[in-house]
Amino acid sequence: MIKFTYKTKVYYKDVDQMGVVYYARYYEYFEAARTELLQSISIDVTSIEDEGYFLPVITSHCDYKLGANFEDLLLVKTLINKSPKATMRIDYEIYRSNNNELLVTGHTIHAFTDQSGKAVKPPKKLLEALQNNI
């Protein structure tokens with residue numbers, strides 16, 4: 001199991017007219033946290049793409065419990081539970097940091113493809129990094 005906590009702040013650009021985070025913005029928080037999670041195990045997304053591998057999102061899901069507000073400090077807890085085979089699932093939980101209140105849960109599922117979009121096995125570099133940390 002690989003865990004990583006990404007910290008971010010809610011800015012004015014993130015909220016709707018009521019001062020609550022716009023629902024689609026949570027997917028951007030997921031993406032930032034996912035990138036930092038991979039970086040934490042020495043996987044640079046750009047280097048994987050330079051080798052001809054891509055990890056498109058094929059499924060995304062988000063359950064909204066409570067809304068984050070303008071200027072909230074957020075903790076995005078990111079988790080990979082198992083080594084990928086054909087796909088990789090990443091789970092997310094977003095908390096308000098001052099009181100550890102759970103705001104959002106979700107997940108994304110990623111395929112492994114080449115530049116043409118054809119399914120391929122996960123890159124060896126990624127598998128090794130995951131196995132060394134799971």
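Predicted model, so just to flag it, every value in this text is computed and none were measured.
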Heavy-atom distance under 4.5 Å between the side chains of [X] and [Y], does that happen here?
{"X": "Lys125", "Y": "Ser47", "answer": "yes"}
{"X": "Val57", "Y": "Tyr27", "answer": "no"}
{"X": "Ser60", "Y": "Phe30", "answer": "no"}
{"X": "Gln39", "Y": "Asp44", "answer": "yes"}

How many angstroms lie between [atom1] in [X] and [atom2] in [Y], if you round to the nearest 0.5 Å?
{"X": "Arg25", "Y": "Asp16", "atom1": "CZ", "atom2": "CG", "answer": "13.0 Å"}
{"X": "Thr113", "Y": "Lys118", "atom1": "OG1", "atom2": "NZ", "answer": "11.5 Å"}
{"X": "Glu51", "Y": "Lys124", "atom1": "CD", "atom2": "NZ", "answer": "11.5 Å"}
{"X": "Leu102", "Y": "Leu75", "atom1": "CG", "atom2": "CG", "answer": "11.0 Å"}

Intermediate values then yes/no, side-chain contact (heavy atoms from CB on, under 4.5 Å), Tyr29 and Val104: CA-CA 11 Å; Tyr29 297 149; Val104 170; over 6 Å; no

Pairs touching residues 39-70 that satisfy ring-ring contact (aromatic ring centres under 6.0 Å, His included), sequence neighbours left out: Tyr12-Phe70, Tyr26-Tyr64, His61-His107

State, to 0.1 Å, how close [X] and [Y] come at their nearest heavy-atom pair, and which atoms those are.
{"X": "Thr5", "Y": "Lys77", "result": "OG1-CG, 3.7 Å"}
{"X": "Asn69", "Y": "Asp72", "result": "N-OD2, 2.7 Å"}
{"X": "Phe112", "Y": "Leu126", "result": "CE2-CD2, 3.5 Å"}
{"X": "Asn81", "Y": "Met1", "result": "OD1-CE, 3.7 Å"}
{"X": "Phe4", "Y": "Ser40", "result": "CD1-CB, 3.6 Å"}
{"X": "Ala129", "Y": "Ile41", "result": "CB-O, 3.7 Å"}

Option from Arg34, Met88, Arg89 for which side-chain contact (heavy atoms from CB on, under 4.5 Å) with Ile80 holds: Met88

Residue among Asp91, Ile94, Ile2, Ile90 satisfying side-chain contact (heavy atoms from CB on, under 4.5 Å) with Thr78: Ile90

Check: Ile109 main-chain N/O paired with Thr87 side-chain donor or acceptor under 3.5 Å: no

Same cluster or not: [X] versus [Y], using hydrophobic residues (I, L, V, M, F, W, Y) connected whenever any side-chain heavy atoms lie under 4.5 Å apart?
{"X": "Leu74", "Y": "Tyr6", "result": "yes"}
{"X": "Tyr11", "Y": "Val76", "result": "no"}
{"X": "Leu55", "Y": "Leu127", "result": "no"}
{"X": "Val15", "Y": "Leu66", "result": "yes"}
{"X": "Leu130", "Y": "Val45", "result": "yes"}

Side-chain donor-acceptor pair present, Tyr92, Thr108, cut-off under 3.5 Å: yes

Crowding at NZ, Lys85 (>12 non-hydrogen neighbours, <6.0 Å): no

Lys65 atom NZ, over 12 foreign heavy atoms within 6.0 Å: yes

